[in-house]
There are 2 protein chains.
Amino acid sequence: MARWEPDARGRLQQAAMQLFRERGYADVTVAEIADRAGLTKRTFFNHFADKREVFFDNGPAFGQNVLKYLAEADPGLGAIDAAMLALTRAGLDLAPYYEFGKARLEILAATPELRERDLIKTAGLATVLAEALERREVSSREAVFAAQAALSVFSAAAAEWISHPEADFPDLMRQTLAELRSAVL
Amino acid sequence: MARWEPDARGRLQQAAMQLFRERGYADVTVAEIADRAGLTKRTFFNHFADKREVFFDNGPAFGQNVLKYLAEADPGLGAIDAAMLALTRAGLDLAPYYEFGKARLEILAATPELRERDLIKTAGLATVLAEALERREVSSREAVFAAQAALSVFSAAAAEWISHPEADFPDLMRQTLAELRSAVL
DNA sequence: GTCTATAGGGCGATAGAC
DNA sequence: GTCTATCGCCCTATAGAC
């Protein structure tokens with residue numbers, strides 16, 4: 001290398017997403033990703049703990065945004081309402097990345113290996129969300145259930161939003177929460 | 001004397017659980033598991049698609065039982081009540097395996113790799129449970145939410161039961177559902 | 001049952017940034 | 001000079017192909 005190109009991490013992420021879309025996750029090797037980014041396999045593993053991580057570490061920091069919006073939410077709001085508010089706002093921030101998000105979901109749906117990783121990332125988000133909710137007046141148990149329920153609602157509403165991009169996302173979130181409530185009563 | 005000992009699969013499972021308890025999942029190789037079972041690495045992969053599967057394929061068939069009990073449940077019951085009933089009965093069936101279940105949970109908690117696989121197994125159970133609930137009068141959305149909520153309740157109640165084995169599990173399930181309801185209202 | 005590709009990582013050398 | 005990112009070499013284990 002004559003000179004270091006900047007943003008090795010970003011280049012690896014871009015190369016990886018390109019290749020995954022071209023040939024699917026399983027048929028792409030780490031060496032190929034590194035090659036396309038003008039780097040080596042060894043450097044890839046300096047940036048990402050394993051091959052799956054490169055798929056998740058890009059895009060906007062959804063989890064950060066959720067926590068930020070939650071901290072801003074009216075302290076008088078109950079746990080479920082605060083969680084819904086934070087997830088709704090964080091979801092709206094994703095609108096500019098519609099195409100990217102759709103491609104991401106397609107790869108995810110086709111790759112059990114990545115679905116596993118996605119589930120544990122979501123579970124991690126549920127945990128930190130619950131911990132943040134606990135700093136309100138609620139019990140640990142209530143915080144966990146509120147966080148899980150709100151994330152279930154978000155997941156369903158986001159899927160709906162992707163197939164109906166013209167819909168109002170906050171409306172979808174409200175309607176979906178109503179459906180969850182009626183399902184558990 | 002038979003040319004090979006019977007129940008190769010069971011021996012592999014037992015050997016694996018022993019080794020995982022002794023040294024942790026990550027430090028155990030497939031070759032070691034096969035060795036202890038008196039078999040070869042090749043035979044291991046003949047029985048299990050990957051190293052993680054040997055951890056999940058043993059013990060009682062919880063998912064089968066859930067579906068069986070659901071099929072037996074009064075058709076007049078709502079989705080959430082039917083799911084709760086089925087999970088409660090399937091949970092009671094686990095009582096004889098208390099020690100085994102506790103050891104399993106300890107390994108699970110210590111091994112992210114296995115937690116990932118556990119999450120996708122649970123998600124799969126949520127899906128088939130929802131499909132079964134749909135055969136009642138409910139919408140697809142309601143079936144999914146009822147299945148997820150019931151599994152959340154089960155997970156919390158089962159954890160409670162493990163730390164208080166003298167408690168009445170059906171009671172724990174009822175109380176925990178009440179907590180979930182109050183958390184989402 | 002053997003043979004091979006790939007994931008993942010330890011270690012040390014080196015090249016560039018400061 | 002120091003500090004850090006990249007790289008080259010080599011190894012093990014998983015997993016699948018032949």
Side-chain angles (χ1 to χ4, degrees), chain A residues 1-58 107-108 110-121, chain B residues 2-5 8-9 11-58 107-108 110-121:
Chain A
M1 307 285 286
R3 235 191 127 199
W4 284 355
E5 303 296 326
D7 195 20
R9 190 184 186 86
R11 270 155 48 220
L12 286 166
Q13 288 165 342
Q14 272 200 285
M17 289 303 285
Q18 272 177 24
L19 286 163
F20 294 161
R21 287 170 84 161
E22 286 169 23
R23 310 212 310 275
Y25 176 86
D27 276 359
V28 175
T29 71
V30 170
E32 283 175 308
I33 298 168
D35 270 1
R36 185 170 295 198
L39 297 165
T40 68
K41 191 172 65 107
R42 198 62 197 80
T43 302
F44 178 96
F45 285 112
N46 278 343
H47 286 276
F48 304 101
D50 60 44
K51 186 182 164 192
R52 296 161 200 86
E53 280 301 304
V54 73
F55 182 79
F56 291 95
D57 205 65
N58 50 22
I107 298 172
L108 247 188
T111 318
E113 212 171 329
L114 292 176
R115 291 228 317 122
E116 285 190 348
R117 183 59 55 90
D118 186 58
L119 286 169
I120 205 168
K121 296 258 179 199
Chain B
R3 219 141 48 83
W4 27 263
E5 302 296 324
R9 191 186 186 85
R11 268 154 52 219
L12 285 166
Q13 288 165 343
Q14 271 200 285
M17 289 303 285
Q18 271 178 23
L19 286 163
F20 294 161
R21 288 168 86 161
E22 286 168 25
R23 310 210 311 274
Y25 177 85
D27 276 0
V28 175
T29 71
V30 171
E32 283 174 309
I33 298 169
D35 269 1
R36 183 169 298 198
L39 298 164
T40 68
K41 205 171 49 122
R42 181 69 176 83
T43 305
F44 178 96
F45 285 111
N46 213 341
H47 285 277
F48 304 100
D50 61 44
K51 185 182 163 191
R52 295 166 195 83
E53 282 302 304
V54 73
F55 183 79
F56 290 95
D57 203 66
N58 49 24
I107 299 172
L108 248 187
T111 318
E113 211 170 330
L114 293 176
R115 293 229 317 123
E116 285 189 347
R117 183 58 55 91
D118 186 58
L119 287 169
I120 205 168
K121 296 256 178 199

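Computed from a prediction, not measured in an experiment: that's the story for all the values here. Sequence lines set the chain letters: A, B, ... in the order given, protein chains first and strands last, and positions in each chain run from 1. What's counted below: heavy atoms across the whole structure, side chains too, no hydrogens, waters or symmetry copies.
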Rounding to an integer number of Å, can you tell me how far [X] [atom1] sits from [N] [atom2]?
X	N	atom1	atom2	result
B:K51	C:dG8	NZ	P	13 Å
A:E53	C:dA7	CD	P	15 Å
B:F44	D:dA13	CZ	C1'	12 Å
A:N46	C:dA15	CG	P	17 Å

Please enumerate all protein N or O atoms sitting under 3.5 Å from an N or O of nucleotides 2-4 of chain D, with distances to 0.1 Å.
none

key: side chain to side chain donor-acceptor pair (under 3.5 Å) partners for B:E53, two or more places apart   = B:R117, B:K121
message = Using the side chain to side chain donor-acceptor pair (under 3.5 Å) criterion, which residues pair with B:R23? Sequence neighbours excluded.
response = B:E32
Is the shortest heavy-atom distance from the side chain of [X] to the side chain of [Y] under 4.5 Å?
X	Y	result
B:F20	B:I33	yes
B:R36	B:L19	yes
B:T111	B:R115	no
A:I107	A:M17	yes

task = With heavy atoms under 4.0 Å as the rule, sort A:R52 into base, sugar-phosphate or nothing.
result = sugar-phosphate
task = Would you indicate what B:D50 reaches in the nucleic acid, counting non-hydrogen atoms under 4.0 angstrom: base, sugar-phosphate, or nothing?
result =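 Sugar-phosphate contact only.
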Distances under 3.5 Å between protein N/O atoms and the N/O atoms of nucleotides 9-11 of chain D, please, pair by pair.
none

query = Any side-chain N or O of A:H47 under 4.0 Å from OP1/OP2 of D:dA5?
reply = no
message = Counting only side-chain nitrogens and oxygens, does A:T40 get under 4.0 Å of the OP1 or OP2 atom of D:dC7?
response =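 Yes, such a contact exists.
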inquiry  = Please pick, from D:dA15, C:dA7, D:dC7, the nucleotide with the shortest atom-to-atom distance to any side-chain atom of B:F45.
reply    =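 Between D:dA15, C:dA7, D:dC7, the one nearest the side chain of B:F45 would be D:dA15.
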ask   = Would you call A:D57-A:R9 a salt bridge at under 4.0 Å N-O?
value =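 Yes, this pair counts.
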task = State plainly whether the residues A:E113 and A:R52 are in salt-bridge range, i.e. N to O under 4.0 Å.
result = yes
query = So, for B:N58 and B:V54, which heavy atoms are closest and what is the spacing to 0.1 Å?
reply = ND2-O, 3.6 Å
task = Check whether NZ of the Lys or CZ of the Arg B:K51 lies under 6.0 Å from the centre of the six-membered ring of B:Y25 and within 45 degrees of that ring's axis.
result = yes
task = Could you identify which residues of residues 25-34 of chain B place a heavy atom less than 4.0 Å from some atom of DNA chain D, listed by residue number, or say none?
result =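 Hits under 4.0 Å, by residue number: B:V28, B:T29, B:V30.
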key: With B:F55 via ring pair (Phe, Tyr, Trp, His ring centres under 6.0 Å) - residues at least two apart   = none
